[in-house]
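Here the structure is laid out as structure tokens; the discussion comes afterwards.
Remember, it's 1-based here, ligands and their atoms both numbered in the order they're listed. Just so it is clear, the values below take in all heavy atoms, side chains as well, and ignore hydrogens, waters and symmetry mates.
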Amino acid sequence: MAIATRYQAVIGLEVHAQILTHSKMFCGCSTDYLTAPPNANTCPVCLALPGSLPVINRKAVEATIRTALALNCEIPEFTKFDRKNYFYPDLPKGYQISQYDLPLSRNGRLEFEVNGEPRRCGITRVHLEEDTGKLLHAGEIHRAQSSLVNLNRAGVPLMEIVGEPDLRSADEAREYFTRLRAILQYAGINNGDMESGQLRCDANVSIRPEGSTTYGTKVEIKNMNSFRSVHRAIEFEIERQVQVLESGGALVQETRGWNDPKGVTVSQRSKEYAHDYRYFPEPDLPPLVVTRGWVEEIRRTLPELPAARRARFVSQFELSIYDATLLTSSKTVADFFEQAVRADGGAPPKAVANWILGDLSRIRGTEAWDTAGAPLSPAHLAQLIRLIDSGTISGKMGKDLLGQAVASGKAPQDLVAEQGLSQVTGEDQLGAWVDQVIAENAKSSQDFKGGKPQALGFLVGQVMKLSKGRANPERVNALLRERLGPGPPNG
Ligand code: ADP
Ligand code: ZN
Ligand code: MG
């Protein structure tokens, strides 16, 4: 982006994450809205029937505090819920219970790297609210365009993580969001699934002349359901804003939607302001006093977080920072790595890392492991690595075998036994193959003796073919040299 050298982009993300509790935020209904029949998981509270009263879900409060602590936030002693009033058919109460001026936490930060450079983004606040229902645009019913409403999702606990406008490029925004997602997964808050909407991200984007210290007019972008689309939408929006300013236009504060197939942002509505929502304290809920003892109790439930785990992978397993960063970006992948290294019999960490980040991730991209699982079990990967390291099979066979183990779910050891794949290292059998190949390829044998090193590679290849790939290539090489003499230097 040539023109962007004269402008600087300013980006702040607002991330919504559903909290994996069994019951909803203010009632006992199940949070299962993905598989339950429409409106099965509803009650007077989440249907907003008159006279019903909400009760705060303690687990959701604790999950929010746990996330806030993982993001280095302060946890004030006093917090309350507020009503955010607006009309939409998926919002049965006509307001959302959220938090306005006294959120559960504030003033945190998240550290990460982009291209090896350390970066930091402030966390304004992490607060707790409830999700809305879902509309299904059903086409024509009784000669009118109609929508159906499913309120199973209404009242599902939702956490909002508001980031400071500290990000300066689409790359930084993607990295920040990747790290944030990993923290949510590690803390057991959310499975990080963007496609099903359990994790959502709105991006606020503005630009300003390079060197300026005030912010430009921001645009909020919605509807991105993958990391790729977050990145693309921000890139597009920066470029669009530069073009508006360069052509003498002015930017308006608005909400735009990301159209993924077309790769553009489209104006949806002008910006609404806090006063439009007529916030006021929720009269049906008591304010919460968060004792220091409670906070410390929650702090003790924090698991090892991605940054700490990455540092441990480097020191304990002697991995590169690069590999350790990739492996710990997803808890599922990091767990898989450790399980393979520690599996019965174990496997060398560097080899496990190479297989995960190489062949295994080509079979199924590691981003998909969180939802679809790893392509095979950690114990089977460890076994495969041991079969190669012990010389039972060649590295090349190992790659073939990996595909078979993934497809069949069978243990690599059993596949080797079933198919008689064990590498042949016995001198008698190898010697017989080598002699046969020398006899059948007199010309190449002469060539090698006469000073053509390439001829040896050909002969090794013939032995491998004769053995159906089971001969150990190093041994074959040595035996051929024994039979034919040392050959030319470097041969
Ligand atoms: P609003 O009142 O419109 O909700 P906030 O100040 O609460 O705005 O900020 C909402 C989000 O927008 C935050 O993530 C913040 O970092 C981001 N943001 C605020 N100002 C800007 C700006 N000028 N450019 C880009 N992002 C911004
Ligand atoms: Zn309910
Ligand atoms: Mg805001």
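Lys399 forms a cation-pi arrangement with Trp355, by the criterion of a distance under 6.0 Å to the ring centre and an angle within 45° of the ring axis. Judged by the 6.0 Å distance and 45° axis criteria, Arg83 is positioned over the aromatic ring of Tyr95.
Close approach to Val10 involves these atoms of ligand 1, each under 4.0 Å from a residue heavy atom: 24 (N), 25 (C). Residue Gly163 has at least one heavy-atom neighbour below 4.0 Å for each of these atoms of ligand 1: 13 (C), 14 (O), 15 (C), 16 (O). Residue-ligand proximity, Glu164 to ligand 1, at heavy-atom distances under 4.0 Å covers atoms 16 (O). Distances below 4.0 Å separate heavy atoms of Gly216 from the following atoms of ligand 1: 23 (N). For ligand 1, the atoms closer than 4.0 angstrom to any heavy atom of Leu13 are 14 (O). When each atom of ligand 1 is checked for a heavy atom of Gly12 under 4.0 Å away, the hits are 14 (O), 16 (O), 26 (N). Remark: ligand 1 atoms within the under-4.0 Å shell around heavy atoms of Tyr215 are 23 (N).
Considering Arg208, Lys218, Gln253 only, the shortest heavy-atom separation from atom 9 (O) of ligand 1 involves Lys218.
Considering backbone and side-chain atoms together, Ile11 places no N or O closer than 3.5 Å to any N or O of ligand 1. Here's the thing with Val162: none of its N/O atoms is less than 3.5 angstrom from an N/O atom of ligand 1. Among the atoms of Ser206, some N or O lies under 3.5 angstrom from an N or O of ligand 1.
The Zn ion (ligand 2) lies at the vertex of an angle of 110° between the SG atom of Cys27 and the SG atom of Cys29 (rounded to 10°).
More than 12 heavy-atom neighbours from other residues, nucleotides or ligands sit within 6.0 angstrom of CG on Asp101. Annotation for Glu318: atom CD does not count as buried by contact number, only 12 or fewer foreign heavy atoms lying within 6.0 Å. Summarising the local packing, CD of Glu195 is surrounded by 12 or fewer heavy atoms from other residues, nucleotides or ligands at distances under 6.0 Å. Other residues, nucleotides and ligands contribute only 12 or fewer heavy atoms inside 6.0 Å of the CD1 atom of Ile321.
Ion pairing of Asp131 with Arg200 is present here, as a side-chain N (NZ or NE/NH1/NH2) and a carboxylate O approach within less than 4.0 Å.
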Check: After noting the C-alpha distance and the side-chain angles of Lys84 and Asp82, does the key distance pass the salt bridge (Lys or Arg N to Asp or Glu O under 4.0 Å) rule?
Finding: CA-CA 6 Å; Lys84 180 180 181 179; Asp82 300 278; over 6 Å; no
